[in-house]
Protein chains: 2
Amino acid sequence: MADPIPRRPDASRQRNLSRILRRIHVAPATRSDLTRLTGLNRSTIGTLVADLTERGLAIEDDASSAGQIGRPSPLVRPSDRPVAMTVNPEIDAITVGVVQLGGRVLRKDRIEVSHRPSVAEAVAVTAEAVARISADLAGDHDVVGLGAAVPGIVRMPDGFVRIAPHLGWRDVAFGEQLQAATGLPVQAANDAILGAQAEWIFGAGRGSDDLLYVNGGASGIGGGIVSGGAPLRGASGHAGEIGHVTVRRGGSLDSAGQQGTLESEVHRAGLLRALGLPTASPDEFERILLASKAGAVTSEVHRQIDSLVVALATAVNLLNPSRIVLGGFLGSLAAVDLRRIRDGVAAHSLDPLWDGVDIRRSQLGSDLLTIGAAQLPIEALIAGL
Amino acid sequence: MADPIPRRPDASRQRNLSRILRRIHVAPATRSDLTRLTGLNRSTIGTLVADLTERGLAIEDDASSAGQIGRPSPLVRPSDRPVAMTVNPEIDAITVGVVQLGGRVLRKDRIEVSHRPSVAEAVAVTAEAVARISADLAGDHDVVGLGAAVPGIVRMPDGFVRIAPHLGWRDVAFGEQLQAATGLPVQAANDAILGAQAEWIFGAGRGSDDLLYVNGGASGIGGGIVSGGAPLRGASGHAGEIGHVTVRRGGSLDSAGQQGTLESEVHRAGLLRALGLPTASPDEFERILLASKAGAVTSEVHRQIDSLVVALATAVNLLNPSRIVLGGFLGSLAAVDLRRIRDGVAAHSLDPLWDGVDIRRSQLGSDLLTIGAAQLPIEALIAGL
DNA sequence: CGCCTTCGTTGCGCGGCACGACATACTGGG
DNA sequence: CCCAGTATGTCGTGCCGCGCAACGAAGGCG
């Protein structure tokens with residue numbers, strides 16, 4: 001019943017163009033692939049691809065030679081001209097990136113900051129980096145927009161940051177300010193939601209239409225949901241906050257001041273403490289965690305997994321996903337004992353819903369949020385024409 | 001002139017016909033309403049409505065104008081000829097119903113059974129009732145299909161019942177058997193999911209695009225989700241099983257043998273026990289519950305609400321709904337102390353996600369599952385135009 | 001080297017929709 | 001009671017997007 005669609009001319013054409021561009025954004029395809037995937041006629045695909053090529057959004061490669069019988073079909077892939085810029089403000093750095101259609105990260109500048117950046121500082125640093133990078137790109141690429149992945153709760157249509165506890169931001173119009181400072185169309189969303197989209201399209205979630213992504217960050221746990229082949233947004237774009245799901249009565253407090261939630265029970269700090277480390281990079285952390293045989297470490301890992309599975313099983317019962325992807329330090333937990341996670345979720349969820357659920361760790365590593373943030377302007381480009 | 005060539009409507013035509021039929025199924029609308037809501041041209045709406053009228057799916061009323069200036073626009077409403085048949089097998093009765101487009105329940109036959117019906121018995125009783133009712137309807141109505149609301153976990157595309165603990169059914173092709181026995185196209189789904197759709201379209205969920213419906217039945221708790229203006233299905237159509245969400249560690253067992261889940265903590269039986277009643281009809285139950293001032297009852301109500309809110313808050317954090325509808329005995333709990341429910345969910349969910357959530361009790365009463373089950377064949381009719 | 005298969009290309013026809021012109025029905029004021 | 005104003009239904013026209021069929025191109029295979 002999502003009906004109130006402001007009708008644009010050529011709705012059908014537009015929709016077919018979007019379908020094709022979205023497909024080749026996810027993965028290049030030959031023209032004959034496109035005819036099969038869309039159900040459209042060969043001749044129609046021809047005109048549509050020509051249209052996309054004329055607009056500078058797609059290119060055709062003759063490099064097929066797939067050994068197939070019959071006339072070879074040219075490979076259609078996204079043009080490398082259009083790019084999305086991205087920003088990911090964090091506690092100790094602001095990362096600005098450039099991503100092509102097709103998901104390739106062209107550039108990623110990590111700008112270290114000496115202290116937790118205020119909104120104004122984040123906007124200023126971003127605007128400066130965007131201007132510098134834009135100058136470098138000029139002539140070779142067209143920037144279609146700026147996507148921001150914010151570690152906090154971001155209202156979806158307008159990029160208004162409700163709360164970003166880690167950054168200390170609250171009720172700030174980050175999207176608007178960024179748009180004013182950069183002159184680019186800006187969209188912002190929660191980082192885990194964007195991470196979910198990145199893993200869904202280009203990572204461990206590929207091929208699944210019903211995905212739950214859960215990310216373990218230094219400051220908390222976030223999540224993102226894909227359901228029925230589309231990102232699940234909820235009423236205000238906040239869906240997926242699995243970190244604040246209750247897993248037990250009592251217990252310690254999480255970043256939102258609540259007791260017994262997933263992120264109050266499962267956190268990187270507890271593992272570091274058990275390992276006797278003050279801090280560690282993600283790679284280092286996982287290496288040491290995997291190498292450790294200490295009983296204290298094993299028991300902390302088990303304790304955290306036993307809380308994690310309760311939250312995952314809850315999500316399985318509610319959402320009936322076909323795949324769960326674990327990112328951040330939760331991916332490290334999966335590396336240590338994926339079996340315990342699977343068995344635990346199986347035990348706490350209903351059999352018919354657990355049936356066929358695949359739990360994996362994430363694949364995209366440090367490009368995750370850059371690719372995810374780029375998805376905002378790229379999807380806007382795709383849907384808009 | 002009769003067209004010798006069977007017209008195969010274009011995809012775009014089909015979509016527009018579906019949009020219009022779906023709209024007037026939800027609520028009658030004037031032609032001018034339809035032009036505004038769909039964005040289509042007046043003339044196009046004219047041909048589309050004429051098409052629906054010719055097919056016997058819609059009728060136009062020369063509605064007395066509502067005092068509007070200008071030429072009055074005729075009211076378009078669904079025809080009363082097409083009807084959906086429904087069946088709802090329960091432990092002590094099998095209810096077979098007839099529902100029109102527009103959601104009006106024409107008939108509802110409750111066939112009492114002396115013992116818990118086996119699948120074969122349920123199919124036989126249903127087939128007999130369907131045949132009898134069909135004979136009565138013949139000439140006046142066209143049956144478009146049969147929808148089944150089953151208290152259990154039902155695989156979505158094919159109506160295969162994985163588990164219906166209350167009925168003692170397990171892995172039976174209920175949908176197929178029903179189809180063979182009745183000769184009608186059959187679709188089946190979980191009862192709470194269908195209840196959610198009924199409340200969404202015709203009940204307390206009207207107007208919300210992001211809805212959580214939670215139903216408290218005699219044998220357990222089920223739920224259904226609407227997200228982004230469409231029912232949330234999940235990978236196999238099982239999404240919404242909130243009854244088996246964990247709300248505490250330990251505790252007693254639920255119908256699936258799990259500990260500390262919502263339905264192991266919140267159940268009608270506990271309230272009946274506190275009231276000192278062996279059994280009671282839903283209406284009677286609520287009347288006595290509301291009248292009771294005993295401390296044991298109040299404390300049991302509080303105990304159950306305090307568990308309920310944990311599950312609801314979990315769903316709020318995961319799904320970001322804009323409305324929650326409570327049905328069955330959970331509606332009675334809401335009648336007793338809605339305030340405590342609201343405050344509890346608020347306390348356990350994140351502020352930005354709680355913001356604007358409306359918690360209500362259900363409205364459709366005993367027609368709930370009949371209307372919900374009818375939604376299956378009706379939506380198939382609408383989508384299949 | 002010729003046949004087969006598959007795919008791109010071109011011209012044609014159809015169906016759906018928007019648009020403009022005209023007809024129609026109701027409100028409200030004189 | 002009539003007339004202006006307004007909103008809407010109806011009809012004819014034209015555009016556009018797509019499917020279809022015939023033809024040509026490009027590679028595999030014997």
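In what follows, chains are A, B, ... by sequence order, proteins preceding strands, each numbered from 1.
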- request: Can you tell me the distance, in whole Å, between the CG atom of B:Leu34 and the C1' atom of D:dA7?
  value: 16 Å

field: Side-chain N,O (B:Arg13) to OP1/OP2 (C:dG15) below 4.0 Å
entry: no

Basic-acidic side-chain contact under 4.0 Å: A:Arg77, A:Glu60: no

- request: Would you please say whether a donor-acceptor pair under 3.5 Å links the side chains of B:Gln375 and B:His25?
  value: yes

message: Distance check needed: D:dT8 P versus B:Leu37 CG, whole Å only.
response: 12 Å

task: Take the protein atom CD of A:Gln68 and the nucleotide atom C1' of C:dC7, then report the distance between them rounded to whole Å.
output: 12 Å

- request: Could you tell me whether the side chain of A:Asn320 reaches within less than 4.5 Å of the side chain of B:Ser236, counting heavy atoms only?
  value: yes

What's touching nucleotides 9-13 of chain D from the protein side, N or O pairs under 3.5 Å?
residue: D:dG9; atom: OP1; partner: B:Ser73; partner atom: OG; Å: 2.6
residue: D:dG9; atom: O4'; partner: B:Arg71; partner atom: NH1; Å: 3.3
residue: D:dG9; atom: O4'; partner: B:Arg71; partner atom: NH2; Å: 3.2
residue: D:dG9; atom: N7; partner: B:Arg42; partner atom: NE; Å: 3.0
residue: D:dG9; atom: O6; partner: B:Arg42; partner atom: NH2; Å: 2.9
residue: D:dT10; atom: OP2; partner: B:Arg31; partner atom: NH1; Å: 2.7
residue: D:dT10; atom: OP2; partner: B:Arg31; partner atom: NH2; Å: 3.0

field: Whole-Å gap separating C1' (D:dA4) and CD1 (B:Ile69)
entry: 10 Å

query: Taking CG from A:Asp33 and P from C:dT6, how many angstroms apart are they, rounded to a whole number?
result: 14 Å

message: Less than 4.0 angstrom between a side-chain N/O of B:Asn16 and OP1 or OP2 of C:dG16, yes or no?
response: no

task: Report the distance from atom CG of B:Leu17 to atom C1' of C:dG15, rounded to the nearest whole Å.
output: 13 Å

message: Suppose the criterion is salt bridge (charged side-chain N to carboxylate O under 4.0 Å, His left out): which pairs have a residue in residues 193-208 of chain A, not counting sequence neighbours?
response: none

message: Whether B:Arg360 and B:Asp358 form a salt bridge (side-chain N of Lys/Arg under 4.0 Å from carboxylate O of Asp/Glu) is what I want to check.
response: yes

task: Send over the distance from B:Arg15 CZ to D:dC18 C1', rounded to a whole Å.
output: 16 Å

- prompt: Within the structure shown, what part of the strands sits under 4.0 Å from A:Ile45 by heavy-atom distance: base, sugar-phosphate, or nothing?
  reply: nothing

field: B:Arg233 side chain reached by B:Ile193 side chain, heavy atoms, under 4.5 Å
entry: no

- prompt: Taking the side chain of B:Ser12 as heavy atoms from C-beta outward, which of C:dC17, D:dG19, C:dT6 is closest to it?
  reply: C:dC17

message: Checking B:Ser134 now: which residues fulfil side-chain hydrogen bond (donor to acceptor under 3.5 Å, both in side chains) with it, not counting sequence neighbours?
response: none

